[in-house]
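To start, the structure itself, in structure tokens.
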Amino acid sequence: MTDIQASMENTLNAVSINNHSKQRNTIQDGIYLVTDPGMSMARLGKPSHGDDEQWHREAIDATLDLVKQTSEAGIRTIQLRWKGVDAGYFLDLALAAYEEAVPGTSIIINDRIDVFLASRQQGADIHGIHIGQTDLPAPVVRTMVGQRPHIGWSAASDAELEAANAMPDVIDAVGTGVLRHTNTKPNAPHAMGFEGLERACAIGKHPLIAIGGIVPEDIPQLAQIPVAAIAMVSAIVAAKDPAQTAARCLQLWHENRPTK
């Protein structure tokens, strides 16, 4: 065992021991919105990319409008995703989104642990963070953010799902997919379809969040699969009326979800 592996094992053991006395943040089941500021700009007929101050400020405003509309429509988990942006802009978005969303909405930061920590330091009770396979190792992230924040982790293959299973006290939910090819995540794994999602649910021991090219018409079938939530990006973000689309998606989820 290398020094790094030994250090990781010690970190994982420490997290497991400390977690039992802590209350962990959870996410609500249902529809899980993932933002895309460039797509929000395009929906308004504006350039989807820009590198100046004005474009970034307008992208923040467009995303805040989305957060407000969809949280008022009933969405209670919103992941802020903004790939490649400077930390200062992302922090401004996170702080403002926390204030703009309906109280009780869980705000999740995608990838950026620096933005998560800075938001919390500035007084925003950000709910958690979602990390991928190439981000910092999940046990390290847990030691950085503490025991209460929610940690989501992306896993698509059987091996990745089994790795998630080995971290029951580190991560809280697994994002899995993609259901079908999607342009919002060009480096995504191969589409697994509905059967693949059912297989992932059978393997995984964490609440699973389905993601990847999901449209409202998929929700009745997805609601029958034991996923905890459905992550949606373009189907809501690029919709002509995001609030109306979000409300319809929530309705489809609740109408088709088996009663316990």
Side-chain angles (χ1 to χ4, degrees), residues 8 11-12 14-16 18-19 22-29 31-37 60 63 67 71 75-101 104-156 160-161 163-164 166-177 184-185 187-188 204 206-211 228-233:
M8 288 292 293
T11 299
L12 185 57
V15 168
S16 178
N18 292 332
N19 180 53
K22 304 292 184 179
Q23 182 178 0
R24 187 66 58 78
N25 285 348
T26 59
I27 59 170
Q28 298 184 34
D29 66 355
I31 307 302
Y32 181 119
L33 175 66
V34 181
T35 69
D36 184 323
I60 289 173
T63 306
V67 168
S71 64
I75 299 291
R76 288 295 173 267
T77 304
I78 299 177
Q79 182 186 132
L80 301 178
R81 185 169 74 183
W82 200 354
K83 294 290 188 179
V85 73
D86 290 345
Y89 291 125
F90 203 157
L91 176 60
D92 288 348
L93 172 61
L95 294 174
Y98 175 73
E99 296 294 333
E100 197 70 36
T105 302
S106 298
I107 301 295
I108 307 291
I109 301 296
N110 183 78
D111 291 348
R112 299 290 295 267
I113 299 165
D114 56 342
V115 173
F116 171 85
L117 293 173
S119 299
R120 302 271 290 197
Q121 192 276 333
Q122 291 293 311
D125 189 18
I126 301 298
H127 198 75
I129 188 163
H130 187 91
I131 54 176
Q133 291 290 318
T134 59
D135 295 316
L136 289 175
V140 173
V141 174
R142 175 56 70 196
T143 63
M144 294 174 70
V145 304
Q147 289 305 310
R148 186 171 182 181
H150 170 94
I151 293 181
W153 198 57
S154 295
E160 290 169 355
L161 289 164
M167 297 185 285
D169 296 320
V170 175
I171 60 177
D172 304 298
V174 170
T176 193
T184 63
K185 201 167 185 180
N187 296 323
H206 291 85
L208 260 62
I209 304 165
I211 192 169
I230 300 170
M232 303 185 74
V233 191

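Test Asp135, Ile129, Leu136 against Asp111 for side-chain contact (heavy atoms from CB on, under 4.5 Å) and you get one pass: Asp135.
The closest donor-acceptor contact from the side chain of Asp29 to the backbone of Ala228 lies at 3.5 Å or more, if one exists at all. Glu160 contributes a side-chain N or O that, together with a main-chain N or O of Ala156, makes up a donor-acceptor pair within less than 3.5 Å. Of the possible polar contacts, one joining the Gln133 side chain to the Ser154 backbone as a donor-acceptor pair under 3.5 Å is found. Checking side-chain atoms of Arg112 against main-chain N and O of Leu91 turns up no donor-acceptor pair under 3.5 Å. Of the possible donor and acceptor atoms, one in the side chain of Arg76 sits under 3.5 Å from a partner among the backbone N and O of Ser71.
Considering all non-hydrogen atoms of both residues, Gln28 and Gly104 come closest at NE2-O, 4.1 Å. Across all non-hydrogen atoms, the minimal contact from Leu80 to Thr35 is CA-OG1, 3.4 Å. Shortest non-hydrogen contact noted between Val174 and Ala155 is CG1-CB, 3.6 Å. In this structure, Arg120 and Ile126 approach most closely via the heavy-atom pair NH1-O, 2.7 Å. Across all their heavy atoms, Tyr32 and Gln79 have their closest contact at OH-NE2, 2.7 Å. Heavy atoms only, all atoms of each residue included: Ala173 and Ile209 are closest at CB-CD1, 4.1 Å.
The pair Asp169-Arg142 does not count as a salt bridge, with every side-chain nitrogen at least 4.0 angstrom from each carboxylate oxygen.
Taking OG1 of Thr176 as the start and CH2 of Trp153 as the end, the distance is 10.5 Å to the nearest 0.5 Å. Taken from CD1 in Ile60 to CZ in Phe90, the straight-line distance is 10.5 Å, to the nearest 0.5 Å. Rounding to the nearest 0.5 Å places CD1 of Ile78 at 12.5 Å from NE2 of His127. How far CD1 of Ile131 is from CD1 of Ile113: 6.0 Å, rounded to the nearest 0.5 Å.
For Tyr89, the ring pair (Phe, Tyr, Trp, His ring centres under 6.0 Å) partners two or more places apart in sequence, or in a different chain, are His56.
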